[in-house]
Protein chains: 2
Amino acid sequence: MTAAAQFAECPPVAPEILAEIKSVLGEGGYSEDSLRVEAKLTEWRGKWKGHTPLLVLPKTTEELSKVVRICYEHGVAITPQGGNTGLVGGQIPFGEILVSLERMRTVRDVAPTDDTMVLEAGITLLEAQQIAEKAGRHFPLSLAAEGTATIGGVISTNAGGTAVLRYGVTRDLVSGLEVVLPNGDIFRGLKRLRKDNTGYDLKQMFIGAEGTLGIITAASLKLFPVMNSRSVAIVGFETSQKAIDLLARAKQETGGQVEAFELMGRYGLSLVLKNIPDTREPLEGVYPWYALIEVASGDPEGAETSMERLLGAAFEEELILDAAIAQNDTQAAAFWRLREEHSAAEKVEGAAWKHDISVPLSRMAEYMEEGAKAIEAFLPGARLVAFGHVGDGNVHFNVIVPEDMDAKAFNDLRDEGSKVVHDLVHQYEGSISAEHGLGRMKTQEALLYKDPTAVAVMRAVRLALDPKRIMNPHVLF
Amino acid sequence: MTAAAQFAECPPVAPEILAEIKSVLGEGGYSEDSLRVEAKLTEWRGKWKGHTPLLVLPKTTEELSKVVRICYEHGVAITPQGGNTGLVGGQIPFGEILVSLERMRTVRDVAPTDDTMVLEAGITLLEAQQIAEKAGRHFPLSLAAEGTATIGGVISTNAGGTAVLRYGVTRDLVSGLEVVLPNGDIFRGLKRLRKDNTGYDLKQMFIGAEGTLGIITAASLKLFPVMNSRSVAIVGFETSQKAIDLLARAKQETGGQVEAFELMGRYGLSLVLKNIPDTREPLEGVYPWYALIEVASGDPEGAETSMERLLGAAFEEELILDAAIAQNDTQAAAFWRLREEHSAAEKVEGAAWKHDISVPLSRMAEYMEEGAKAIEAFLPGARLVAFGHVGDGNVHFNVIVPEDMDAKAFNDLRDEGSKVVHDLVHQYEGSISAEHGLGRMKTQEALLYKDPTAVAVMRAVRLALDPKRIMNPHVLF
């Protein structure tokens, strides 16, 4: 977690190399407009503010290939950037050539019969969802930044989101990729086959590689049926373990039709009710834990029937204390808002150490209990907000500054405090980055926990594809 | 393809190296019993008959690691073998040390709350299904050889099977792996997390690598809910395109609850009815194309209701000509038998060229029509049997010897005839090995169709992990 690693610099690039790069780009293929460049150099929360000798804006894969080939020849480093919504600084250059795919926005193909669409990297996630919808299909990847985050970015970071429980992470939604490799060669792997056993599945290497093995220029994405009914409920529990027990039961009884299962502790919910306008208690009583559950079905009445059956039985067996099923879309949206406003509600309370962790579901309740104790022991009065995609074994385990503590003093303790959280995650066989990646922020820290053999293999693979280490050199191992 | 490549040999291994290997193995850690060794040297249809200087039978990952380290030091080649049910010869050594995982059969963990089980590589697929069932869960990978095929083998070949449409291929069912790497190091990646974004997802490299990047010793596998209702139907169509249209509709209307959608042409079905005892026409009339459809639901009555609604509407719109829904398990089994006995029924008719191909679903009907014409033009009277997992865009497109032709003359034409089929597959953006892999049989042929950049990347990755190329050296690129 040394600051040095987070802001590591690349050496200056000779003017004649920059001129050579510009010469192979068509009109609008690069920018020196300081406002335009500036916007891409600042991480959106202001945590990283980088610099670049040149912003490259290729229009085609071939154009990008030429640029990368020049960089490779001269050993010049490159940072690729999508929508600049990343949370770990992997998209910010400190001296690297900055490549933005924002001009590569062609819809190359939409094939509903194949349940596939082929999109260029610069298309946003929200647009991708809309393209699918227009074709009578559903593209299930959904996350807060979807209006800005791009296809190239979500694939490079293997993004998660709110529908992982049913549909998987981004990796599970990709059937093919086109990638400009570190030497400038183009890997043309835009297959739209469900089955192809003819050698290693190379696309897997580039998914989640955070731009270290090449630049994704287009992807073939899987499409799914549009569901014909949906039901959203909020449920109150005495313990988080009971929520996890209900999740197991919900998966079983609905035959895997649970789309979302989001856990919220009372303290986090109380901050939403206190700090966010137009929110209200979802249940009559007050409970230690809550879950937001969404079930969807192909049967026009299936979702509500399933939800009622599930919650009715759970109530009788005292697995749950209370529940409310949304009676219409407005109510469903109000329930979802209670979950989605957690980050905003937290922010009002002051500084926080944020953690994006996963542990096996069977150990989640125990982890959260032990984690709370460890944080209280480390910093008495620290306020814990645990919420998130518990259906995927992933929670955001955030620590807010004690009410009477100075923000600066609190922030000075961040690295040590996060280590308390992450050491415990490691002990529980979990991950310190469930969905955000490592970027510039967590790479050094991850070395404390990763299997050294795994790190050695990653380095060998990277060296094999990028012997000069020009691709996002300060990100990953 | 060339016989030379299929039967390529490794040089003899010095006796002192063999002695060194034996010395690190515990009791029963190797075998020189000729009967036992012999059984593993013969491919089950007799297409390959290999030889080995030593059969190694490790009991633990650590034991295997020691053996591989010795081999690596001396540059001695290794072929790993699972249940020896492969169809492309990837498991047969010609001079390589043969490593069988048959003694590594420990169930390391079963965690229903995590929807995960951790099994050693020597456990059979059928046993894996049973272990899941005992824990109240479903492990959906299912294929003809499941009583013999092992977990290590199905992962190394990324096997497909009959439930891919809903659950995906083997790759989609693996959440973690333990692997002995070519240099003897152990990659310990038995995570059971749904989300972990801390660097490259290394397990993906070993899945489907056919033993060329290491030896899988254990796997963490995903479990699914047991479905509460199931419905099986046989449907008759005028064209294969109408079957594909029904498939799209079935996925949509059931919200993705179609577990299997298997296509059969009339000629293949007629061979089953003629050559297999106790089979009968499933429908009153005779139709050019048939599909076997299985729908499963979490709702106790859901599957049958969905199936009836789907077929009722399809019949009214003249998408289908006739349909029968199985009224009980016996009838469902009888329907499945019509599909499963295709290979046996074909065999009675004499020699055949077999093809395991996939093309995008939207082009499947056209491909099959053009393929039939191309085969008829190449060898008039050749009998085409097309059947299989059309839900995955995958059919077995097999060509049976003309009734009046000599088997020898027919077999002499195999390479040329297969090239006709595969050239067309390539033209239709498909794969010449949808689920069986390349092994010794198809590697050379695949080079005709693979993107050279992809092959170069595969070679670079292989060289990075296995610089002496000791792991299954004559398999893949």
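Both backbone and side-chain heavy atoms feed into the values below; hydrogens, waters and symmetry mates do not. Residue numbering restarts at 1 for every chain, and letters A, B, ... go by the order of the sequence lines.
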Less than 4.5 Å to any heavy atom of chain B: does that hold for the side chain of [X], its backbone, both, or neither?
{"X": "Val164(A)", "result": "side chain"}
{"X": "Asn158(A)", "result": "both"}
{"X": "His389(A)", "result": "side chain"}
{"X": "Asp299(A)", "result": "both"}
{"X": "Leu476(A)", "result": "side chain"}
{"X": "Thr198(A)", "result": "both"}
{"X": "Thr157(A)", "result": "backbone"}

What part of [X] gets within 4.5 angstrom of chain A, counting heavy atoms only: side chain, backbone, both, or neither?
{"X": "Gln257(B)", "result": "side chain"}
{"X": "Ser362(B)", "result": "both"}
{"X": "Arg249(B)", "result": "neither"}
{"X": "Phe187(B)", "result": "both"}

Determine yes or no for a side-chain-to-main-chain donor-acceptor pair under 3.5 angstrom, with [X] supplying the side chain and [Y] the backbone.
{"X": "Glu429(B)", "Y": "Lys191(A)", "value": "no"}
{"X": "Asp185(B)", "Y": "Thr453(A)", "value": "no"}
{"X": "Gln252(B)", "Y": "Val226(A)", "value": "yes"}

Is there a side-chain contact between [X] and [Y], using heavy atoms and a 4.5 Å cut-off?
{"X": "Leu193(A)", "Y": "Asn394(B)", "answer": "no"}
{"X": "Ile207(A)", "Y": "Gln204(B)", "answer": "no"}
{"X": "Leu213(B)", "Y": "Tyr200(A)", "answer": "yes"}

Leading residue by heavy atom contact count with chain B [cutoff under 4.5 Å; candidates [options]]:
{"options": "Gly430(A), Ala296(A), Ala456(A), Ser306(A)", "value": "Gly430(A)"}
{"options": "Gly255(A), Ala434(A), Ala460(A)", "value": "Ala434(A)"}
{"options": "Ala464(A), Pro360(A), Ala446(A), Gly437(A)", "value": "Pro360(A)"}
{"options": "Val461(A), Thr254(A), Thr305(A), Asp201(A)", "value": "Asp201(A)"}
{"options": "Leu165(A), Ile357(A), Ile432(A), Thr212(A)", "value": "Thr212(A)"}

| Side-chain ion pair, Lys195(B) and Asp392(A), N-O less than 4.0 Å |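 Result for this pair is yes, salt bridge flagged.
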Please find the pair of heavy atoms, one from [X] and one from [Y], that lie closest to each other, and give the distance.
{"X": "Pro225(B)", "Y": "Lys251(A)", "result": "CG-O, 3.3 Å"}
{"X": "Asp114(A)", "Y": "Leu361(B)", "result": "OD1-N, 2.8 Å"}
{"X": "Asn197(B)", "Y": "His436(A)", "result": "ND2-N, 4.5 Å"}

Atom pairs and distances, side-chain donor-acceptor, residues 241-248 of chain B, under 3.5 Å, sequence neighbours left out:
unit_1: Gln241(B); atom_1: NE2; unit_2: Asp245(B); atom_2: OD1; d: 3.0
unit_1: Lys242(B); atom_1: NZ; unit_2: Glu318(B); atom_2: O; d: 3.4

| Measuring from Glu435(B):CD to Asp196(A):CG, what's the distance to the nearest 0.5 Å? |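 Interatomic distance, Glu435(B) CD to Asp196(A) CG, rounded to 0.5 Å: 12.0 Å.
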| Which of the residues Arg309(B), Arg137(B), His138(B), Met205(B) is involved in the greatest number of heavy-atom pairs with chain A at under 4.5 angstrom? |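 Maximum pair count with chain A is reached by Arg309(B).
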| query | Out of Ala159(B), Gly199(B), Gly256(B), Gly168(B), which one racks up the most heavy-atom pairs below 4.5 Å with chain A? | reply |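 Going by pairs under 4.5 Å, I would pick Gly199(B).
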| Qualifying salt bridge (Lys or Arg N to Asp or Glu O under 4.0 Å) pairs with a residue from residues 453-462 of chain B, counting only residues at least two apart or across chains |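 Applying salt bridge (Lys or Arg N to Asp or Glu O under 4.0 Å) to every pair that reaches into residues 453-462 of chain B, excluding sequence neighbours, yields nothing.
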